[in-house]
Amino acid sequence: CVVNSTNIVAVTVNAKPTVPTVSINGNTNFCQGGNVVLSIVNNPANTYQWMNKGNNISGATTNSYTATDSGTYFLNITNIDGCSSKTQEVIVNVAPSPLAPLISTNGSPSFCAGDSVILSASFNPVYTYQWKLNGGAIGTNNSTFIAKSSGNYSLEVSNASGCVVN
C-alpha cells in the first residue's frame with residue numbers, strides 16, 4: 001500500500017556569491033598613523049560587511065575599507081538571496097611610532113659668533129636619532145647636539161620597526 005503526501009515542497013538551492021580576491025593598495029605592515037586600502041570589485045547586487053578579528057567594523061559596508069589598526073581583516077559578502085561568502089583574510093600589522101621628541105636648550109638659542117648652545121631631547125636607547133639643520137642631515141645617533149650655526153634645527157627619531165617622527 002502506498003500513500004503520497006498531500007503537498008509538494010519546492011526546494012531551491014541558491015548560489016553563494018563568487019569570492020573575489022581582495023586587492024591590497026599599500027603595505028600591510030606599516031607605522032602608526034599609516035593605512036592600507038583593502039578592496040574588491042564592486043557588485044551592486046551584493047551587500048558588504050568588513051570584519052576585523054571576526055567582528056563587524058561599524059560603518060564598513062562598502063567594497064573598500066581603509067585599515068588603520070592591526071588585525072585580521074576579511075569581507076563578508078551577501079547576495080540578493082541572502083547567501084554569504086567571505087574573502088581571504090588579510091593580516092595587517094601596525095608598529096608603534098616613537099614619541100615625538102621635544103628639543104630643549106641649555107641656554108639661549110641666540111648667542112654670539114664663536115659660542116654655541118646644546119640642543120637635547122630625552123634619550124631612549126631603543127631609538128635612533130638624526131639631527132637636521134634647515135632640513136639637511138647633520139649629527140647622528142645622539143640625543144644631544146652642539147649648535148654653532150644659525151638656522152632651524154630639528155630632530156628625527158626612529159625605532160627598531162623603522163617608524164620615524166620629527
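- For the pair N79 (side chain) and N46 (backbone), a donor-acceptor distance under 3.5 Å is absent.
- The distance from atom CG of N166 to atom CD of E156, rounded to the nearest 0.5 Å, is 5.0 Å.
- Under a 3.5 Å cut-off, the side chain of W50 and the backbone N or O of T62 do form a donor-acceptor pair.
- With hydrophobic clusters built from ILVMFWY side chains whose heavy atoms lie under 4.5 angstrom apart, L155 does not share a cluster with I146.
- In terms of hydrophobic clustering, with Ile, Leu, Val, Met, Phe, Trp and Tyr side chains grouped at heavy-atom distances under 4.5 Å, F123 and Y127 are assigned to a common cluster.
- Classification of the F145-Y153 ring pair by plane angle, with boundaries at 30° and 60°, yields tilted.
- Looking only at atom types and distance, the side chain of S39 has no donor-acceptor partner in the side chain of S23 under 3.5 Å away.
- Taken together through direct or relayed side-chain contacts under 4.5 Å among Ile, Leu, Val, Met, Phe, Trp and Tyr, F30 and Y65 form part of one hydrophobic cluster.
- Residues L99 and V164 do not share a hydrophobic cluster, defined by chaining ILVMFWY side chains whose heavy atoms lie under 4.5 Å apart.
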Pair T105-I118, side chain to side chain contact (heavy atoms under 4.5 Å, CB included): steps then yes or no: CA-CA 6 Å; T105 64; I118 296 175; over 6 Å; no

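- Proximity of a side-chain donor or acceptor of N134 to a complementary backbone N or O of N152 within less than 3.5 Å is detected.
- Atom CZ of residue F74 and atom NZ of residue K86 lie 4.5 Å apart, to the nearest 0.5 angstrom.
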Stepwise side chain to side chain contact (heavy atoms under 4.5 Å, CB included) check, N76 with S84: CA-CA 7 Å; N76 195 39; S84 296; 3.9 Å; yes

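- Between the side chain of S161 and the backbone N or O of C163 there is no donor-acceptor pair closer than 3.5 Å.
- Heavy atoms only, all atoms of each residue included: I77 and P20 are closest at CD1-CD, 3.6 Å.
- Judged purely by atom type and a 3.5 angstrom limit, S97 has no side-chain atom pairing as donor or acceptor with the backbone of C31.
- The closest donor-acceptor contact from the side chain of Y48 to the backbone of N42 lies at 3.5 Å or more, if one exists at all.
- Separation of atoms CG (N56) and CE (M51) is listed at 4.5 Å; rounding is to 0.5 Å.
- Under the 4.5 Å side-chain heavy-atom criterion for ILVMFWY residues, no single connected hydrophobic cluster contains both V19 and V22.
- Residues V36 and I24 have side chains in contact (heavy-atom distance under 4.5 Å, counting atoms from C-beta outward).
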